[in-house]
Asker: 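Structure provided below as structure tokens; questions to follow.
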Amino acid sequence: MTESKQGGVHRNNSENIYKAIFENSIDAILITSTDGGIQSANPAACKMFGYSVEEFVKAGRDGILDPSDERIPLLLLEREKTGKISGELRYRRKDGTIFPVDFTSSVFKDSEGRDRTITILRDATDLKTTLEKLKLSVDEYRSLFENSMMGISQAKPGSGFFRINQAYADLYGYPDIQSLLKDVSTNIKMLYSDPADREKVLSLLEKNGYMPPTEFELNKKNGEKFWALVSAKQVKDASGKLLYLQAEHFDITSHKIAEAELRKSKDSLEKLNQHMNEVLENERSQIALNLHDDLGQKLTALNMDLAWLKARIGVQSRTVENKLRQMTLLMNEAIDSIQKISYGLRPSILDDLGLIPALEWQIKEFIRTSGILCKTSFVPKEIEIDSQSALIIFRVVQEALTNVVRHSKATKVHVILTIRGEILEVTVEDNGKGIEAEKIENPKSFGLAGMRERILLVGGEFIISGKPGEGTIIQVRIPLCLKAKTDPNY
């Protein structure tokens with residue numbers, strides 16, 4: 001056979017292999033011209049977008065991209081400069097649905113020397129979608145392998161790596177592929193911060209044949225730590241014989257840093273919220289103390305002076321006596337109002353007698369002022385808990401009862417307090433109209449948000465539910481180190 005015939009046979013074989021990969025790939029693949037015209041699309045692309053190949057060709061790149069995505073011009077400019085790009089863009093299906101897509105795109109020369117692009121797309125809507133790979137065997141696929149922005153490695157069980165791409169070497173801080181292979185080809189464990197993670201990967205592959213995307217902390221050549229999302233699978237031949245293990249790495253270090261910063265910010269906000277609540281309660285306590293001890297005492301003294309004057313007015317001073325009587329009544333009302341305001345700001349009974357008596361007082365006031373029947377079930381009837389938890393429970397019940405009066409149109413309320421192990425559970429249930437679902441998570445529902453934040457500050461759980469016409473249930477669970485006393489007469 002002549003050399004030219006052998007070359008032709010080789011090209012035909014390569015084309016057939018490439019066509020098989022193209023047609024059977026699980027990933028969507030588009031072959032386009034650099035100006036955005038779509039030359040071809042594989043079946044996976046047709047399924048993803050809902051287009052036929054002819055409709056793809058007619059639509060072109062602009063027809064399937066979301067035109068409002070501001071990243072498009074920058075990415076196209078980057079590909080023009082570097083010949084390859086990867087990232088995420090918003091695409092549009094035939095039915096108009098906009099969805100996110102992770103993609104890689106590289107420029108290559110076709111058989112006639114013209115610039116073409118091959119773009120591999122993966123629906124990013126479900127982050128848990130198992131990463132699928134194109135099979136290696138032909139020159140066309142090798143080009144994709146070498147130019148991929150995803151780190152790809154292939155290893156034979158027991159003998160280490162036999163192929164990696166440059167992106168994989170870059171990920172680990174190696175200047176070239178050979179340097180990495182020389183260092184770790186027979187000691188892959190050194191890439192993992194925890195060598196046991198390598199055994200975890202092999203165990204999952206042995207058990208399931210694949211490992212879904214999993215986070216690992218890894219080591220760069222210089223000892224620097226980084227995080228990657230790693231997926232892996234066993235590659236077998238048609239008879240089921242294991243050929244090699246293939247893994248893909250995505251650097252997620254920036255995402256991990258962002259998550260850590262977010263957690264740090266959340267912790268700071270929680271501490272600030274806790275501090276603000278403490279300041280608020282301290283201010284309430286101070287105001288209540290000043291009202292009771294200062295203004296209340298002065299009004300009481302004035303009331304005594306009025307009584308003294310009244311005792312010394314003769315019968316000829318009926319008008320003055322009547323005026324003093326009216327002043328005494330107003331003074332008593334003022335003293336009563338100050339006591340109520342003082343108790344509302346910071347009920348001294350909570351500090352003096354504990355949570356249960358404070359709740360009982362609060363519920364009596366609720367019944368007296370609202371006229372709504374309120375049943376209580378406190379088991380045990382006496383508990384000793386820390387002052388912070390006691391105050392949180394008191395405020396939550398106070399706010400819940402206030403919401404019943406303002407919003408529920410209820411005629412009955414049931415307040416339940418129980419201890420289950422080391423969990424204090426409080427439930428406020430009414431028979432009102434029931435809270436609407438959209439109001440439960442509404443950020444403008446400041447009362448609910450306040451209750452939820454108070455409970456979260458002590459590691460508790462806050463649950464609210466309601467059904468139209470069947471009332472609302474608020475449940476609070478707080479982990480406590482407490483000593484409970486059971487009333488023998490209960």
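All residue numbers in this chain count up from 1 along the given sequence.
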Asker: I'd like to know if the side chain of Gln246 pairs up with that of Glu248 as donor and acceptor (distance under 3.5 Å, no hydrogens or angles considered).
Answerer: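 Short answer, yes.
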Asker: Measure the CG-OG distance between Leu245 and Ser153 for me, rounded to the nearest 0.5 Å.
Answerer: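 Reported value, rounded in 0.5 Å steps: 8.5 Å.
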Asker: Do the side chains of Val396 and Val426 get nearer than 4.5 Å, heavy atoms only?
Answerer: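 Side chain of Val426 against side chain of Val396, heavy atoms only: no contact under 4.5 Å found.
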Asker: Quick one: pull up NE2 in His407 and CD in Glu436 and give me the separation to the nearest 0.5 Å.
Answerer: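 It comes to 10.0 Å.
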Asker: Would you check if the side chain of Thr402 reaches a backbone N or O of Gln398 as a donor-acceptor pair within less than 3.5 Å?
Answerer: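 Side chain of Thr402 to backbone of Gln398, a donor-acceptor pair under 3.5 Å: yes, one is there.
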Asker: To the nearest 0.5 Å, what is the distance between CG (Asp430) and SG (Cys374)?
Answerer: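 Nearest 0.5 Å value for the CG-SG distance: 10.0 Å.
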Asker: Measure the shortest side-chain to side-chain distance between Leu74 and Ile72 over non-hydrogen atoms and say whether it is less than 4.5 angstrom.
Answerer: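 Leu74 vs Ile72: side chains apart.
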Asker: What's the verdict on side chain to side chain contact (heavy atoms under 4.5 Å, CB included) for Gln234 and Tyr210, showing C-alpha distance, side-chain angles and the deciding distance?
Answerer: CA-CA 6 Å; Gln234 293 180 338; Tyr210 72 96; over 6 Å; no
Asker: Test side chain to side chain contact (heavy atoms under 4.5 Å, CB included) on Val413 and Val428; report intermediate values, then the result.
Answerer: CA-CA 7 Å; Val413 182; Val428 180; 4.0 Å; yes
Asker: In terms of ring plane angle, is the pair Phe56 and Tyr51 parallel, tilted or perpendicular, where the classes change at 30° and 60°?
Answerer: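 Correct class here is tilted.
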Asker: Can you check whether Tyr174 and Tyr168 have ring centres sitting under 6.0 Å from each other?
Answerer: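 Centroid distance Tyr174-Tyr168: not below 6.0 Å, so no.
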Asker: For Lys221, is the NZ atom crowded, meaning more than 12 foreign heavy atoms sit under 6.0 Å from it?
Answerer: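 Open: at most 12 neighbouring heavy atoms sit under 6.0 Å from NZ of Lys221.
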Asker: Tell me whether Arg477 contacts the main-chain N or O of Phe462 through its side chain, where contact means a donor paired with an acceptor under 3.5 Å.
Answerer: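 Side chain of Arg477 to backbone of Phe462: no pair is present.
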Asker: Begin from the C-alpha positions of Gln154 and Phe161 and carry the test side chain to side chain contact (heavy atoms under 4.5 Å, CB included) through to its verdict.
Answerer: CA-CA 6 Å; Gln154 295 175 341; Phe161 291 134; over 6 Å; no
Asker: Output the distance between atom CD1 (Ile98) and atom CZ (Arg93), rounded to the nearest 0.5 Å.
Answerer: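 Ile98 atom CD1 to Arg93 atom CZ measures 9.5 Å (nearest 0.5 Å).
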Asker: Side-chain contact test, heavy atoms from C-beta onward, threshold under 4.5 Å: evaluate it for Val230 versus Val201 and give yes or no.
Answerer: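 No - every pair of side-chain heavy atoms lies 4.5 Å or more apart.
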Asker: With a 4.5 Å heavy-atom cut-off, do Asp27 and Leu121 have their side chains touching?
Answerer: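 The answer is no; the side chains never approach within 4.5 Å.
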Asker: Work out which heavy atom in Leu30 is nearest to a heavy atom in Ala41; give both atom names and the distance.
Answerer: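 Heavy atoms only, the tightest pair is CD2-CB, 3.4 Å.
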Asker: Are Leu417 and Val379 side-chain neighbours, meaning at least one heavy-atom pair lies under 4.5 Å?
Answerer: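 The answer is no; the side chains never approach within 4.5 Å.
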Asker: What heavy-atom pair brings Ala28 and Ala45 nearest, and what distance separates the two atoms?
Answerer: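 Smallest interatomic distance, heavy atoms only, reads CB-CA, 3.5 Å.
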Asker: Return yes if a side-chain donor-acceptor contact under 3.5 Å exists between Ser105 and Thr119, otherwise no.
Answerer: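 Side-chain D/A pair, Ser105 to Thr119: present.
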Asker: Give, for atom CZ of Arg122 and atom CE of Met48, the distance between the pair rounded to the nearest 0.5 Å.
Answerer: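 Going from CZ on Arg122 over to CE on Met48, the span is 9.0 Å.
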Asker: Which heavy atom in Pro479 sits nearest to a heavy atom in Ile423, and how many Å separate them?
Answerer: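 For Pro479 and Ile423, the tightest heavy-atom pair comes out as CA-CD1, 3.7 Å.
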Asker: For the pair Lys200 and Phe216, evaluate side chain to side chain contact (heavy atoms under 4.5 Å, CB included) and give the outcome as yes or no after the intermediate values.
Answerer: CA-CA 11 Å; Lys200 175 183 176 181; Phe216 288 101; 4.3 Å; yes
Asker: Can a side-chain donor-acceptor contact be found between Asn403 and Ser408 if the only test is distance below 3.5 angstrom?
Answerer: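 Checked: Ser408/Asn403 side chains show no N/O donor-acceptor pair below 3.5 Å.
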Asker: Kindly say whether Phe366 contributes a backbone atom to a donor-acceptor pair with the side chain of Ser370 at under 3.5 angstrom?
Answerer: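 Side chain of Ser370 to backbone of Phe366: a pair is present.
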Asker: Counting N and O atoms only, with roles assigned by atom type, does the side chain of Asn431 sit under 3.5 Å from a partner on the main chain of Lys412, one being a donor and the other an acceptor?
Answerer: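 Yes; judged by distance alone, with no hydrogens or angles, the pair exists.
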Asker: May I ask you to check whether over 12 heavy atoms, not counting those of Glu206, lie within 6.0 Å of atom CD?
Answerer: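 No, the 6.0 Å shell around CD holds no more than 12 heavy atoms from other groups.
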Asker: Answer yes or no: is there a donor N or O on one side and an acceptor on the other, between the side chain of Thr369 and the main chain of Glu365, under 3.5 Å?
Answerer: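 Confirmed, Thr369 side chain pairs with Glu365 backbone.
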Asker: Check this for me: Lys225, atom NZ, are more than 12 non-hydrogen atoms of other residues, nucleotides or ligands nearer than 6.0 Å?
Answerer: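 Enclosed.
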Asker: Are any side-chain N or O atoms of Ser377 and backbone N or O atoms of Ile416, one a donor and one an acceptor, separated by less than 3.5 Å?
Answerer: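 No, the answer is negative, given that no donor and acceptor are paired below the 3.5 Å cut-off.
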Asker: With rounding to the nearest 0.5 Å, note down the distance linking OG1 in Thr418 to CG in Leu424.
Answerer: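 Spacing of OG1 (Thr418) from CG (Leu424) equals 7.5 Å.
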Asker: Is any side-chain heavy atom of Phe378 closer than 4.5 Å to one of Ile383?
Answerer: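 When only atoms from C-beta onward are counted, Phe378 and Ile383 do not touch, as no gap falls below 4.5 Å.
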Asker: Might you point out which heavy atoms bring Leu204 and Met211 nearest each other, and give the distance in Å?
Answerer: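 Heavy-atom minimum between the residues: CD1-CG, 3.6 Å.
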Asker: Side chain of Asp123, backbone of Val101: donor and acceptor closer than 3.5 Å?
Answerer: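 No, the answer is negative, given that no donor and acceptor are paired below the 3.5 Å cut-off.
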Asker: Quick one: does Asn42's side chain have a donor or acceptor within less than 3.5 Å of a partner on Ile29's backbone?
Answerer: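 The answer is yes, because a donor-acceptor pair under 3.5 Å joins these two groups.
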Asker: Donor-acceptor pair, distance only, cut-off 3.5 Å: does the side chain of Lys220 make one with the backbone of Leu171?
Answerer: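 Yes.
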Asker: Taking the ring of Phe99 and the ring of Phe49, is the distance between their centroids below 6.0 Å?
Answerer: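 Ring-ring flag for Phe49/Phe99: true, centres closer than 6.0 Å.
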Asker: With a 4.5 Å heavy-atom cut-off, do Val415 and Thr427 have their side chains touching?
Answerer: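 Side-chain contact under 4.5 Å: no.
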Asker: Quick one: does Leu89's side chain get under 4.5 Å of Arg71's, heavy atoms only?
Answerer: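 Yes - at least one pair of side-chain heavy atoms lies under 4.5 Å apart.
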Asker: Which heavy-atom pair separates Asp62 from Arg92 by the least distance, and what is that distance?
Answerer: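 For Asp62 and Arg92, the tightest heavy-atom pair comes out as O-NH2, 4.0 Å.
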Asker: Which heavy atom of Ser106 sits nearest to which heavy atom of Lys84, and what is that distance?
Answerer: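 Ser106 and Lys84 have their closest heavy atoms at OG-CB, 3.7 Å.
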